[in-house]
Amino acid sequence: MKVENTRMNVIGKKVKRVDAIEKVKGMNKFVADYEFKNMLYGAVVFSKHARALVKSIDTGKAKELKGVKAILTYLDIPGENQLGEVVEDMPCLVPVGKEAKYYGDVVAVVAAESQKIANMASGLVQVEYEELPAVLSIEESLKNEIKVHESGNILTSKRIRKGKIEEGFASADLIIEDDFFADYQEHAYLETQGIFAIPDSTGMTIYGSMQCPYYVQNAVSRVLGIPHNSVKIVQADTGGAFGGKEDVPSYVAAQCALLAYHTKRPVLLSYSREVDIQFTSKRHPIKSHYRAGFKKDGKLVAIEVNAHMDMGAYATLSPIVMYRSLVHAAGAYDVPNVSVDIDGVYTNKVPCGAFRGFGSPQVLFAIESIMDEAALKLGIDPVDIRLKNVLRIGSRTPTDHLLTESVGAVETIMNAVKISDYENLKRSVRDFNSKNRFKKRGIGVSHIIYGVALGAAGQALDAAGALVQVHRDGSVTVHVGNTEMGQGMKTVLAMIASETLGQNIDRIRVENADTSYVQDSGPTVASRATLFSGNAVKEACEKIKEKMISTFSKIKNVEKEDVVISSGLVRGGKEEMNFGDLANICYSSNVDLIANGWFKSPKLNWDPKTGLGEAYLTYSYATQIVVVEVDMLTGKSTVIDVFTSHDVGKALNPVGLVGQVEGGFVQGMGYAIYEEIKMKDGRILTDNFNTYIIPTINDIPQNIKIDFVEDEFSEGPFGAKGIGEPSLMPAPAAIANGISNAINRRVKKIPATQEYVLDLIEKGEDKL
Ligand code: MOS
C-alpha cells in the first residue's frame, strides 16, 4: 500500500537533523563533560580471575593514599546487593565468601580527588582469592561438571513446535544439515560508559550515558534503599549505544551512586576504553545446528534448529535476547513445520546482552546460509528460492502468526533485484572472475524479518509516554521516556510533533529523557522509539491541537471543522493567525496547552510452551544483495557493492533512514568480516581499537544503494514500523554468502576473518 505524501508538510520530507548543529559544533555535553563543585572521580576494582572465591578484601593500604575519599565493598551497600533486570543473579559488589564469576566482577569501588588517585587506589585494594576452575566454553558449560551458578548452567530453554516436523522431513526432496557459529561483537560506541551521581539532602540525581533511564532508576533505588521519587535520572547526551547501554548503565550507576551516597559529593565514574571492552556486555556467541527440508522446486517444508547461546557469567538480558533468537531462527519464510530449541548457558566470561539485532543476526546468518546452499543444490537462483518461500499477507510466520497487514517482503526482494540490476550484476561478476585468477567475486543475497518492539515476551514493558507543552510564544517542548543515542529519534519525534500540531519543526525542542517528567516508558531498544514514543507524542499533540482549534473557533466565530493549523499558521474561514499568537491567546484565556500521550502494545496471544502465536506486534522486512571480492592469496574480503531494500511501513524521515541503513550496514559488515574478540583464560585481550579492528571510513563500500518500501502499519505513527536493528541484520548473512560464492566454500563462522577465509580456501572442501 503506497500512500501519497501530498497532504503532509513534514513527514516524508527532507529535514535538517534537529541536533545536527550542536553535534557539528561540539556543543553537546556528554557525561564526562559535566563538572560539579567538589566533584570526585570513581574507579572500580575488578576480579582478576575467571572464577575465584573472594576470601578477604583489605582496603587499608588504599585508604592511606592521599586524596582517597572512599573505598567501598559489599558491606557499605545500604539497600540490596542485587542487580539483574530479568533474573536477579548478579551482585552489585561481590561479598567475601562468595565467588567472583568472571574476569571483571566488581569487588570494590573507589572515589578520590582525581582520576589518577582513584586508579592508583583501586590497584592498592588487596583482594585474596582462591582460584577455582572456570567454565570457558558452551561445551564445558553443558557438561555441567562445574556449575557457574548453583541452579545449573542452563538458565532457560525456549522452543517452537509448529506442525509435524518429521512428516515435513519425510516429504522433503532435499535435506541440508549443518553447524554454524556466530561469535562475540563489541558495540564500539564512541563514548564509553559513564555516570555522574549528584547527592542531595534526600536522594540522588544521576546524569548518564544510557538507553534506559527507568532501568537505571530501579537499580539505584534498590541498591541505595530509597524510593523512586528520590532517584532522578537525567540522560546526558549519549555518544552511541547499540544495545550496549541497555542494562550496563544500571550497574555503573549503582556503583557510582554508592560512592556519592557515602562521600556526599558528586562523583563521576567514567570507564576507560579498556575497562569498557573487557567488562561490559557483548553480542552473544551462538552455536547452532540446522536441518532444513526442501521440495525440488525450492519450497521449504521443515526447519529444525538446535542452538546454544553463551550468556557469560550473569543472565542480564539473555532471556529476552534468546526470545528474539528463537522467533527469528527459522528466518523470514512461510514454512509449515518448525522445531526450534535454544538454551542459554552460563560461562565464566563477560555477560552478553543487547546488541543491535538482539540475538537475531547470529541465527539469520545460519538460516540464510542454508537457503543459499539449498538454492545451489537445487539449481535455483538465490533470489528465486527466497521468493518461493516469502511471507505475504495471509501467510503464517514460523511461530504461526497470521499476517494480516504491512508485509512488504516481496517488494523488498523485487526492489533489491531492480536497484542492483541483478541479471547484469551476475554477468559482470562472472566476467570479473573469468579474467582474474587471484581475486574472486561473489554475490551474496539475504532476506530477513524483524519483529518490531518487545513482543509477547516483553509486553509488560511495551508502552511509552510523552509530555508535550506549547509555550505562550508558540514554541514547543517535548518530553519522552525514550532516549536519543545518535539514531535520530529526536528528529523523527520533532517531525511527528510538527506534522500533528501544525507548528514549524524549528520551533520544537525534544528534551533528553528525565524520569521526573514521563512515566516509565520501557527501554529504548528493539527499534521501538519511533513507533511507541512517536504514537505517544502524536496523541499528546492531538489533545493540545484540539484545544487550540477550539479556542480559535470561539474567538473568531468559525466552525471547528473549518479550522486548519499547518506550517505555523492557523486558518479558518477568512481568518488567519500565527501559531504563536493563538498560543498566547490560549494563555490569556486560561487554556492549558500541556498534555500527555500514552501508547501501549495491543495484547499479543502467545503460548510459551509451544512457541506459537503472535510473537511481535508487527514485522519489518529487508532484502540485501552484496558483491564481495576475496583476495585468494591472503583471504582478505572487501565489500564492493551493496543494494538493500527495507520495508519500514512509512518513511517518516527519509534522510535519517538512509543514515541508519548505512550505519547499520557498516556495523554488520564489521561483524561479518573484521571484528574479533580474543580471550585468554576468560580475559579479553583485544581491549582497544588497535587490536579489536572495526571498519573505518576506508572500508565503507563506495556503492551503497538503498531503497525503502512503504507498506503502512495501521498502528504505527503515520504507518511507520522500525529500522534501528533491521538496518544491520541482513548484512552478516549477505556478506557471508558473498564470500562463500566467491571462494566456492561455505562460510560457517562469523566473523569470517581473513585467517578463517584463507584457511577455508586452503583446506576447506569444495562445497559449492
Ligand atoms: Mo537494542 S539491541 O534492542 O538495545
Side-chain angles (χ1 to χ4, degrees), residues 85-86 182 184-189 191 193 208-216 235 238-252 280-286 309 311-312 315-328 344 351-364 448-462 464 481-489 513 521-533 601 615-620 660 663-664 667-668 670-671 721-732:
E85 203 52 57
V86 186
Y184 288 105
Q185 187 182 17
E186 156 61 29
H187 305 86
Y189 28 63
E191 182 203 23
Q193 304 277 349
S209 183
M210 64 182 74
Q211 289 176 244
C212 309
Y214 305 91
Y215 285 3
V216 175
Q235 183 218 359
T238 296
F242 311 111
K245 291 170 184 168
E246 179 165 348
D247 61 324
V248 175
S250 303
Y251 320 140
V252 183
T280 74
S281 81
K282 306 274 168 286
R283 191 187 294 289
H284 290 83
I286 297 185
M309 74 194 302
M311 301 188 302
T316 70
L317 300 161
S318 293
I320 19 179
V321 176
M322 248 176 87
Y323 174 75
R324 193 172 282 285
S325 308
L326 177 86
V327 173
H328 293 74
C352 292
F355 195 144
R356 205 176 194 176
F358 210 71
S360 73
Q362 299 98 314
V363 289
L364 290 169
I448 62 117
I449 182 172
Y450 174 78
V452 178
L454 298 170
Q459 282 187 93
L461 298 171
D462 232 355
N482 286 146
T483 56
E484 170 69 54
M485 46 191 131
Q487 84 277 40
M489 181 195 75
S521 298
T524 311
V525 302
S527 311
R528 70 190 280 276
T530 297
L531 181 51
F532 279 72
S533 283
S601 172
Y616 290 94
L617 181 57
T618 189
Y619 304 87
S620 293
Q660 279 281 45
Q667 198 165 34
Y671 188 37
K721 302 193 275 197
I723 190 64
E725 296 168 281
S727 61
L728 180 148
M729 288 159 53

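Counting from 1, the numbers follow the sequence of the chain as shown. Just so you know, ligand 1 is whichever comes first in the structure, and atom 1 is the first atom listed for that ligand.
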Visitor: What short N/O contacts, under 3.5 Å, does ligand 1 make with the protein, listed by atom pair and distance?
Guide:
from, atom 1, to, atom 2, distance (Å)
ligand 1, 3 (O), A526, N, 2.8
ligand 1, 3 (O), E725, OE2, 3.4
ligand 1, 4 (O), Q211, NE2, 2.9
ligand 1, 4 (O), E246, OE1, 3.1

Visitor: Using the ring of each side chain (for Trp, its six-membered ring), is Y323 parallel, tilted or perpendicular to Y616, with breaks at 30° and 60°?
Guide: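 Y323 and Y616: tilted rings.
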Visitor: On a heavy-atom basis, which atom in A241 and which in M485 lie closest, and how many Å separate them?
Guide: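 Smallest heavy-atom distance, with atoms named: CB-SD, 3.4 Å.
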Visitor: By ring-ring contact (aromatic ring centres under 6.0 Å, His included), which residues pair with Y189, not counting sequence neighbours?
Guide: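 Once residues adjacent in sequence are excluded, the partners of Y189 under the ring-ring contact (aromatic ring centres under 6.0 Å, His included) criterion are H187.
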Visitor: Starting at CG of L531, measure out to OG1 of T618 and round the result to the nearest 0.5 Å.
Guide: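 L531 atom CG to T618 atom OG1 measures 8.5 Å (nearest 0.5 Å).
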Visitor: Show me the pairs that pass salt bridge (Lys or Arg N to Asp or Glu O under 4.0 Å) and involve residues 355-364, at least two apart or across chains.
Guide: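 Found none.
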Visitor: Residues two or more places apart in sequence or in another chain: which of them pass salt bridge (charged side-chain N to carboxylate O under 4.0 Å, His left out) with E191?
Guide: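 For E191 the salt bridge (charged side-chain N to carboxylate O under 4.0 Å, His left out) partners, ignoring immediate neighbours, are K245.
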